[in-house]
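Okay, so here's the structure we're looking at.
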Amino acid sequence: MKEFKIQIIEKVTGAYPSIKEVLGVETFENPKNSDFGDIALPCFKFAGILKMPPVKIAENFSLLFTGDKNFEKIVNINGYLNFKFNREEYIRLLCGEFRDGNIFNKLKTIGNNKTIVIDYSHPNIAKNMGIHNLRSTIIGQSIYNIHKFLGYNSIGVNHLGDWGTQFGKLMWALEEWSSFEEVEEKGILFLNDIYVRFHSEAEKDPCLEESARIWFKKLENNDHTAIKWWKLFIKVSMDAYDKIYERLNVKFDYITGESFYIRYLDETIKKLEEKNLTEISEGALVVKFDENENMPPCLLRKSDGATLYATRDISAAMYRLTKFKPYKVIYVTDIAQELHFNQVFKVIEMYDPCSKGKFKHVKFGRLSFSDMQMSTRKGNIVPLNEVLDKARDKAIEIIKERNAVISDKAETADKIGIGAVIFNDLSVSRIKNIEFDWDKTLSFEGETGPHIQYSFVRILNILEKIEHFETNIDYSLITDEYSYDLLRTIEQFENKIIQSCEENEPSVIANYLLDLSKTFNRFYQNNRVVGVENDLQNSRAFLIKILQSVYAKCMDLLGIPIIDKM
RNA sequence: GCACCAUUAGCUCAGUUGGAUAGAGCAACGGAUUUCUAAUCCGUAGGUCAGAGGUUCGAGUCCCCUAUGGUGUACCA
C-alpha cells in the first residue's frame, strides 16, 4: 500500500535526512511470515550511512511511530522493521483505488499511445497449423492485449510464410498428381499430404528438387499458372487458419506475409549498398559485422542471385519503421531464430542508428515430443484443431458426469478445452522448453485453465445472487484473515500487469491468476457471502465485485474464455 | 571448436530483480460436502536450489570455472 509506505518514508527521512537517497517505496518488502506484520522495511542498507548496526537502526526508527494510528503494531526483528497496518484504514484506502475502475483508468495511461508492432503466429502457408504454432500465436496475442490495455497503440502483424521454394514443390507435384479443383475441394490437409508425398518421392528421385526450383522461378517471374496456384494455396490455408484464430480469439491488424516485401527487396539492398555496408564474399552479397559482435555475416543474396529469409526480414523491418514509426517492434518466435534476428537487427542498426533498441526478439523455448520426431516434411505434426477437439471432448465427458445445468454444453466445453490448452502454455516462462504431453495438456485440475475458469464461475454465481449492491461499505467487516489475504493479492494487480508488459511475459499474469484463485477459494471455503447478515453481505459482495473485475481482466489479457456455468 | 539458453521436491513449475524459516500444482497418504457449484478446500510427507570457487552484513538470485541437456553456427525458413 503506497500511502502507508510514503507516510513511513516521510517520517523516517524527516528524522534521518541522510538516507533520503536510498529509501523509496521499492525498498519495502512483504514479510515472509505474515505474523510479523504487513510490510517490512529492511534496514541493512542504512547501516553504512548512519554508522549503526541494522538492529539498532530498526529500533530507533520504530520509536518514530509511537502513537501513529495507521499502524497497530511495529516490531523490529533481525534488522527488519515490521509494520502491522490498521486494517480498516488500509482496506478503506485500497478499496478506494479499486472501486469505480480507478485502477484500470490509471493503467490505461501508461502506454501514452506509443506504437508497438507485434509480429506473431506467422504460420507457413500450405502447412496445417500444428501445436508448434500455438506458442507464438497465443504469447503474441497476449502481449498484444497487455500493451493495448496499458494504452499502447498495439499493431498485430501476421508475417505469413508465403514465399519460398516449398511452393515450387507443391506446384510441380499438383500439376503432376492433382488438379486445381481437387485442392479447392480438399483443402489444407490435402496440400499437407502432397508436400509429404513430394518429399518421399524426392528421396528416390533428386531431379524433383530441380523441377520444384523451376516452378518457384516461374512464380517469381509472375507466370500466370504459378500465380494461380500460389493464390489458391493462400486462400485454402487462410480458410483453415481463420477457423483456429476465431476459436482462440486471435486477431491481426495486418496480414502481410513475406511475399508482400518482395517488391522492396531490390530497394532494400540498394539502400544498404549505398551506405557501404555490403560486400561480396564467396560469391554472395553479405553484410559483415564487427569482430566483437561474434556473428557470421548476414547473407542478402545467394551466389545465384536469389534473396533469403534475412533479406525479407530486413525489408520488413525497414518497411515497419517508415510505415508505423514505432516505439518498439516485437518479434515472437522460437529461440532457435535468435542469431537470425540478432543479425537482422544489427544490420538495421548499422543502416539507421536511431533504430537501436527499437527491435526486440521475444523468444520462447522449443517444443518437443517424447514419442515422435516432429517434421512437417514427414507429416507427423500434432494438428492444433485436434488438440482443441480432444480437450473439448474431455470437457463434454466431465460435464455429463457432473450433470451440470448448462444451456449450451458444446460451446462451454469448447471454451473449457481452449482454456486448458492456452493456460497450459502461458503459465510457464516463455524461455522454458516444453515437451508436449497429452495428459498434461488435457489436465483440468490443479494449476490449470479450467481451474481458473471454475473459480471465476464461483465468483459470478455469488454476484448473480446478490440483488442489491450498497455503495456505503463497512470496511471493518472485511478485516478477517481470508478477506484480508484476498485484498493483499488483489493489491498486486497493478505491479503484475506492468511487470508482465515490461518483460513481455504473460506467465506473470497466469501465475497471478493462480494466486487470485487460490486466495479466493480459501475465502470461499470460510466466508459465506450470500445470505449472511445484511451489512456483512454488502461488504463481502463489494470485495467479490472488485475481485471479479481484476480477475476477468487477467483472463481477458491471456485469452482464456470466460464461462458463467460449468 | 565458438556462441546463446536451461538446470530449484519423484514429475511440472513459482520465487516480488540481493533479504528473514526456498513456495505451489501433480503423483502418495489422511481428512472436509444438511452450505454461494468438491473442476474446491485443509493436513502429512517430500530440498546439498546441478557441482566447485568468488563478490558482501546477506546469494536460488550477481561474477568466474566445470558438468549435463537443448539450440544455433554462410547461401533453408
Side-chain angles (χ1 to χ4, degrees), chain A residues 26 29-33 36 40 42 44-45 47-48 53-54 77-80 82 122 124 161 163-166 258 281-286 294-304 306-310 312-313 333-340 342 363 365-366 368 395 398-399 401-402 404-405 416 420 424 427-429 431-435 437 439-440 443-455 457-466 492 495-496 499 503 507-508 510-511 514-515 517-518 520-522 524-532 537 540-541 544 565-566:
Chain A
E26 69 287 343
E29 293 171 20
N30 287 332
K32 281 276 183 246
N33 186 335
F36 292 163
F44 307 97
K45 60 182 189 179
I77 308 167
N78 304 329
Y80 287 87
N82 294 281
H122 37 246
N124 288 322
W163 202 253
T165 45
Q166 71 270 30
E258 290 181 83
S281 171
E282 296 173 32
L285 183 71
V286 306
N294 208 357
M295 287 194 289
C298 179
L299 270 80
L300 300 175
R301 270 195 205 284
K302 303 200 278 190
S303 40
D304 67 2
T307 58
L308 292 110
Y309 181 42
R312 279 166 246 159
D313 262 345
T333 83
D334 191 302
I335 191 174
Q337 298 190 46
E338 189 170 29
L339 174 60
H340 164 73
N342 283 342
K363 46 195 176 274
R366 304 274 297 179
S368 63
I398 295 176
I399 287 171
E401 273 170 30
R402 295 164 59 88
V405 183
I416 293 171
N424 181 51
S427 60
V428 298
S429 312
I431 200 68
K432 297 269 186 187
N433 290 339
I434 292 184
E435 186 175 301
D437 178 344
D439 287 343
K440 192 162 180 275
S443 157
F444 291 178
E445 279 167 30
E447 297 177 331
T448 64
H451 166 80
I452 294 296
Q453 291 169 318
Y454 178 74
S455 300
V457 166
R458 284 181 152 184
I459 292 171
L460 290 179
N461 281 350
I462 291 173
L463 295 176
E464 200 179 74
K465 292 186 174 65
I466 306 285
Q492 296 169 25
N495 285 341
K496 295 288 184 186
Q499 187 193 347
E503 296 174 359
S507 70
V508 170
N511 284 305
L514 287 171
D515 282 347
S517 167
K518 239 170 270 176
F520 164 69
N521 277 310
R522 213 168 291 146
Y524 185 90
Q525 201 77 18
N526 294 283
N527 288 352
R528 211 189 149 73
V529 180
V530 179
V532 295
Q537 174 176 304
R540 286 182 176 168
I544 296 306
K565 293 277 184 293
M566 67 189 280

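All values derive from a computational prediction rather than experimental measurement. Numbers restart at 1 for each chain; the letters A, B, ... are given by sequence-line order, proteins then strands. The figures that follow rest on heavy atoms only: side chains count, while hydrogens, waters and symmetry mates do not.
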Query raised in the report: Rounded to the Å, how far apart are A/H340 NE2 and B/rA77 C1'?
Result: 8 Å

Query raised in the report: Between B/rU40 atom P and A/Q453 atom CD, what is the distance in whole Å?
Result: 12 Å

Requested in this report: Given side-chain contact (heavy atoms from CB on, under 4.5 Å), test A/I544 with A/L463 step by step and report yes or no.
Outcome: CA-CA 8 Å; A/I544 296 306; A/L463 295 176; 3.9 Å; yes

Query raised in the report: Does A/G531 or A/A310 map to a spot on RNA chain B nearer the 5' end, using the closest nucleotide for each?
Result: A/G531

**Report entry** Whole-angstrom distance between B/rG70 and B/rA20, as gauged at atom P
**Finding:** 35 Å

Report task. Grab the NE2-C1' distance between A/H451 and B/rU12 for me, whole Å please. Result -> 16 Å

Requested in this report: Return yes if a side-chain donor-acceptor contact under 3.5 Å exists between A/N511 and A/K496, otherwise no.
Outcome: no

Requested in this report: Check every strand shown and say whether A/P53 touches a base, only sugar-phosphate, or nothing at a heavy-atom separation below 4.0 Å.
Outcome: nothing

Query raised in the report: Picking from B/rU16, B/rA3, B/rA74, which would you name as closest to the side chain of A/L299?
Result: B/rA74

Query raised in the report: If the P atom of B/rU68 is compared with that of B/rG31, how far apart are they to the nearest Å?
Result: 47 Å

Query - Rounded distance in Å between the P positions of B/rC49 and B/rG23 - result: 14 Å

Report summary line: side chain to side chain donor-acceptor pair (under 3.5 Å) filter on A/E29, not counting sequence neighbours, yields none

Query raised in the report: A/F520 CZ to B/rU37 C1': how many Å, rounded?
Result: 11 Å

Query - Verdict with supporting geometry, A/N82 and A/I77, side-chain contact (heavy atoms from CB on, under 4.5 Å) - result: CA-CA 7 Å; A/N82 294 281; A/I77 308 167; 3.8 Å; yes

**Report entry** Minimum-distance nucleotide to A/N82 side chain [options: B/rA20, B/rU40, B/rA3]
**Finding:** B/rA20

Requested in this report: May I have the distance from A/F44 (atom CZ) to B/rA59 (atom C1'), rounded to whole angstrom?
Outcome: 14 Å

Query raised in the report: NA contact type, A/N78, heavy-atom cut-off 4.0 Å: base, sugar-phosphate, or nothing?
Result: nothing

Query - Separation between the C1' atoms of B/rU48 and B/rU8, rounded to whole Å - result: 12 Å

What's touching nucleotides 5-9 of chain B from the protein side, N or O pairs under 3.5 Å?
unit_1: B/rU7; atom_1: OP1; unit_2: A/K432; atom_2: NZ; d: 3.0

Requested in this report: Remember a base hit wins even if backbone is also touched, and classify A/A404 as base, sugar-phosphate or nothing at under 4.0 Å, heavy atoms.
Outcome: nothing

Query raised in the report: Looking for any heavy atom pair under 4.0 Å, which part of the strands does A/M295 touch: base, sugar-phosphate only, or nothing?
Result: nothing

Requested in this report: Check whether any side-chain nitrogen or oxygen of A/K565 sits under 4.0 Å from OP1 or OP2 of B/rC36, and answer yes or no.
Outcome: no

Query raised in the report: Can you tell which of B/rC36, B/rU37, B/rG72 lies closest to the side chain of A/L339?
Result: B/rG72

**Report entry** Contacts of A/K465 that satisfy side chain to side chain donor-acceptor pair (under 3.5 Å) - sequence neighbours left out
**Finding:** none

Query raised in the report: With sequence neighbours left out, what residues match A/Y309 under ring-ring contact (aromatic ring centres under 6.0 Å, His included)?
Result: A/H340

Requested in this report: Mind checking side chain to side chain donor-acceptor pair (under 3.5 Å) for A/Q166 and listing every partner two or more places apart, or none if nothing turns up?
Outcome: none

Query - side chain to side chain donor-acceptor pair (under 3.5 Å) against A/Q525, all qualifying residues, sequence neighbours excluded - result: none

Query raised in the report: Picking from B/rA20, B/rU12, B/rU40, which would you name as closest to the side chain of A/Y454?
Result: B/rU40

Requested in this report: Tell me what A/I399 touches on the nucleic acid: a base, only sugar-phosphate, or nothing, going by heavy atoms under 4.0 Å.
Outcome: base

Query raised in the report: Nearest nucleotide by nearest heavy atom, which residue falls closer to the 5' end of RNA chain B, A/S455 or A/Q337?
Result: A/S455

Report task. Could you tell me which residues satisfy ring-ring contact (aromatic ring centres under 6.0 Å, His included) with A/H122, sequence neighbours excluded, listed by chain and number? Result -> none

Requested in this report: Can you figure out which of B/rA74, B/rU40, B/rG70 approaches the side chain of A/R366 most closely?
Outcome: B/rG70

Requested in this report: Would you mind reading off the distance between A/I416 atom CD1 and B/rU37 atom P, rounded to a whole angstrom?
Outcome: 16 Å

Report task. Could you please name the option among B/rA77, B/rA14, B/rC41 that lies closest to any side-chain atom of A/V428? Result -> B/rA14

Query raised in the report: If you measure from the P atom in B/rC42 to the same atom in B/rC4, how many Å do you get, rounded?
Result: 44 Å

Query - Euclidean distance for C1', B/rA9 against B/rA28 (whole angstrom) - result: 13 Å

**Report entry** For A/Y524, ring-ring contact (aromatic ring centres under 6.0 Å, His included) partners two or more places apart
**Finding:** A/F520

Report task. Using the C1' atom as the reference point in each nucleotide, state the distance between B/rU40 and B/rG51 in Å, no decimals. Result -> 42 Å

Requested in this report: Could you tell me which residues satisfy salt bridge (Lys or Arg N to Asp or Glu O under 4.0 Å) with A/E445, sequence neighbours excluded, listed by chain and number?
Outcome: none

Report task. Have a look at A/V286 and say if it touches a base, only the backbone sugar-phosphate, or nothing, with a 4.0 Å heavy-atom cut-off. Result -> base

Query raised in the report: Is A/S281 side chain donor-acceptor paired with the B/rA74 base, going by distance under 3.5 Å alone?
Result: yes

Query raised in the report: Taking protein heavy atoms under 4.0 Å as touching, what does nucleotides 22-35 of chain B look like 5' to 3' if B marks base contact, S marks sugar-phosphate-only contact and - marks none?
Result: --BSS--------S

Query - Salt bridge present between A/D334 and A/K363 (N-O < 4.0 angstrom) - result: no

Report task. Compare the minimum distances between each of B/rU71, B/rU40, B/rA77 and the side chain of A/A336, then state the nucleotide with the smallest one. Result -> B/rU71

Query - Between B/rU12 (C1') and A/N511 (CG): distance, integer Å - result: 12 Å

Query raised in the report: A/F444: what forms a ring-ring contact (aromatic ring centres under 6.0 Å, His included) with it, not counting sequence neighbours?
Result: none

Report task. Using only side-chain N and O atoms of A/R522, determine if any of them is under 4.0 Å from OP1 or OP2 of B/rC42. Result -> yes

Query raised in the report: To the side chain of A/E258, which of B/rC36, B/rC41, B/rA77 is closest?
Result: B/rA77

Report task. Could you measure between the two P atoms, the one in B/rA67 and the one in B/rU44, and give it in whole Å? Result -> 42 Å

Query raised in the report: Hey, is A/E447 close enough to A/K518 for a salt bridge, meaning N to O under 4.0 Å?
Result: yes

Requested in this report: State the dot-bracket string of RNA chain B. Criteria: Watson-Crick or G-U wobble, both atom distances under 3.5 angstrom; notation: ( ) intrastrand, [ ] crossing earlier pairs, | interstrand, . unpaired.
Outcome: (((((((..((((.....[...)))).(((((.......))))).....((.((..]....)).)))))))))....

Query - Between C1' of B/rC57 and NZ of A/K45, the distance in whole Å - result: 14 Å

